[in-house]
Structures are given as structure tokens and as C-alpha cells.
Amino acid sequence: MSVILPADPGLRLLVSLAAWTWPGTGADGRDVGHILITHSPALTGLSTAETVEARMRRLSDSLGSLASAREVVPDLGRCLQIVGDHVLLHISGASRQLRLPTRRSWTELAARHGEAVLLLGLDPLPQSADAARIDSYLDTALAADRLRFGRARTR
């Protein structure tokens, strides 16, 4: 399969991302929504691992300089927008927003608490990954310091 990526760099980045959402528990013990964003390996094209990582680090910077697991998790400001049952993530510099895959219960959780934990994976993960593969990815990425964290707010 060949994919033609858009000429707009911001839009090209958006279509190359894979995203997942799930409810979980925050560091303070309360319920919170989680968002994982990675680069989809199917859309790397001729990119090298270094190019993909650089792209993801630029994304981290445009979201507000996400933190590693050992740092204080930054507040990314109001970058989540809930429109009906849809949740959109605003990325500074992108001409469009990233629509997150959500279920009604996740959307209600994010709306109720006004925020979600955003995890940005520096390594690729296919959108087709199931829960077991995502758990394994998170464990490996956390141990290798390959995850970046932030608090995305709706208000």
C-alpha cells in the first residue's frame, strides 16, 4: 500500500500519528482519562528512526514541552476540545486538530474532570495494536525513558 502524505508539514504530522484513549487512575488516586500518541510505523515512508524521533520531539515541544517520567508533569493548557461525542486535540502550528478515538465514558470522564493525562511515545506503534501490546509498549517505553507526559485540559 502506498500513502500520499499532504504537503503541509503540520497536516502530514497529524496523519502520521496513532492515538489511543482509556480511563485510568492518576498519581493522586482519582479517575482520569489517558491519551497515548505515537507515530504510526506504516506511515514512516523513507524516514529513519532518528527522523521519526525528531518529529515526535518537535511535537512534544509544540504541545508545551512534555516532561519525562522523572520530572514534574506540565500543564499543557486548554488543548482538548469536546464537541458532542468527539474529542479533539489542538496541536500548535497544525492547521487541523487531531480527533482522538474515544468512547462516551471516556469523553464524560474528561468533561467531568476537565483534563486528561497525555502520553507521547517517542517510538512507533501501529494503530492496530491491541491492549496487551499497548501495555507492553508503555512498560518498555517507561523503563527506557521514551515517554513524555503532560496534562491536557478542556477548560
Side-chain angles (χ1 to χ4, degrees), residues 1-27 32-71 73-74 76-77 79-83 85-107 109-110 115-153:
M1 174 175 100
S2 65
V3 176
I4 299 173
L5 295 175
D8 174 357
L11 190 53
R12 186 175 30 223
L13 175 63
L14 285 181
V15 299
S16 70
L17 297 176
W20 299 265
T21 58
W22 67 93
T25 305
V32 66
H34 290 80
I35 304 164
L36 171 62
I37 298 175
T38 68
H39 194 279
S40 176
L43 299 175
T44 56
L46 300 174
S47 300
T48 64
E50 293 79 20
T51 305
V52 170
E53 180 174 342
R55 202 174 292 144
M56 296 307 285
R57 288 187 184 277
R58 280 194 305 275
L59 176 58
S60 171
D61 292 342
S62 70
L63 285 167
S65 294
L66 301 176
S68 73
R70 294 173 187 85
E71 300 172 321
V73 177
L76 306 177
C79 58
L80 287 179
Q81 180 182 6
I82 299 174
V83 181
D85 287 339
H86 304 292
V87 181
L88 307 171
L89 176 67
H90 173 73
I91 299 172
S92 181
S95 60
R96 303 193 187 207
Q97 295 176 324
L98 177 64
R99 182 175 170 195
L100 299 174
T102 61
R103 294 179 186 238
R104 179 179 292 267
S105 60
W106 191 94
T107 303
L109 178 64
E115 69 179 15
V117 175
L118 176 67
L119 297 91
L120 183 78
L122 298 178
D123 298 314
L125 181 66
Q127 184 68 58
S128 60
D130 62 10
R133 186 156 180 203
I134 292 168
D135 283 346
S136 176
Y137 176 91
L138 291 170
D139 289 344
T140 302
L142 186 60
D145 197 28
R146 307 285 295 160
L147 284 176
R148 297 297 174 260
F149 299 85
R151 286 181 33 240
R153 292 188 289 117

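With a 4.5 Å cut-off on side-chain heavy atoms, I134 and L36 count as touching. Side chains of L142 and F149 form a contact here, defined as non-hydrogen atoms less than 4.5 Å apart. Contact annotation: the side chain of D145 approaches that of R70 to within less than 4.5 Å [non-hydrogen atoms, C-beta and beyond]. Inter-residue side-chain proximity for L80 and L89 is flagged as met; some heavy-atom pair is nearer than 4.5 Å. Two residues are said to be in side-chain contact when any heavy atoms from C-beta on lie closer than 4.5 Å; H86 and R99 meet this criterion. Side-chain contact between R148 and R57 is present, with heavy atoms from C-beta onward closer than 4.5 Å. At least one side-chain heavy atom of I91 sits under 4.5 Å from a side-chain heavy atom of L63.
Across all their heavy atoms, A116 and V32 have their closest contact at CA-CG2, 4.2 Å. Nearest approach of A152 to C79, heavy atoms of both residues: CB-SG, 3.5 Å. Between W22 and W106, the shortest heavy-atom contact is O-NE1, 3.2 Å. Closest non-hydrogen pair, S65 versus P74, comes out as O-CG, 3.6 Å.
In this structure, the separation between NE2 on H34 and CG on L118 is 10.5 Å, given to the nearest 0.5 Å. If you take CD on E115 and CZ on R153, they are separated by 8.0 Å, rounding to the nearest 0.5 Å. Interatomic distance, CG of L76 versus CZ of R151, reported as 8.5 Å (0.5 Å rounding). Atoms CG and CG, on D130 and D135 in that order, are 9.0 Å from each other to the nearest 0.5 Å. Between L147 atom CG and D139 atom CG the span is 9.5 Å, to the nearest 0.5 Å. Here the straight-line distance linking atom OG1 of T38 with atom CG of D123 works out to 9.0 Å at 0.5 Å rounding.
Within the 3.5 Å criterion, the main-chain N or O of A19 finds a donor-acceptor partner in the side chain of Q127. With hydrogens and angles disregarded, no donor-acceptor distance shorter than 3.5 Å links the side chain of S40 to the backbone of S16. Put simply, the side chain of S136 never gets that close to the backbone of R133: no donor and acceptor are under 3.5 Å apart. With hydrogens and angles disregarded, a donor-acceptor distance shorter than 3.5 Å links the side chain of S60 to the backbone of L66.
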Handout entry: Pair L17-M56, side-chain contact (heavy atoms from CB on, under 4.5 Å): steps then yes or no
Key = CA-CA 9 Å; L17 297 176; M56 296 307 285; 3.9 Å; yes

Practice task
Test I37 against L98 for side-chain contact (heavy atoms from CB on, under 4.5 Å), laying out the working first.
Solution key: CA-CA 10 Å; I37 298 175; L98 177 64; 4.0 Å; yes

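Tested against R146 for a side chain to side chain contact (heavy atoms under 4.5 Å, CB included), the candidates L122, L138, T140 yield a single pass: L122.
For the residue pair T107 and T102, a side-chain donor N or O sits within less than 3.5 Å of a side-chain acceptor on the partner.
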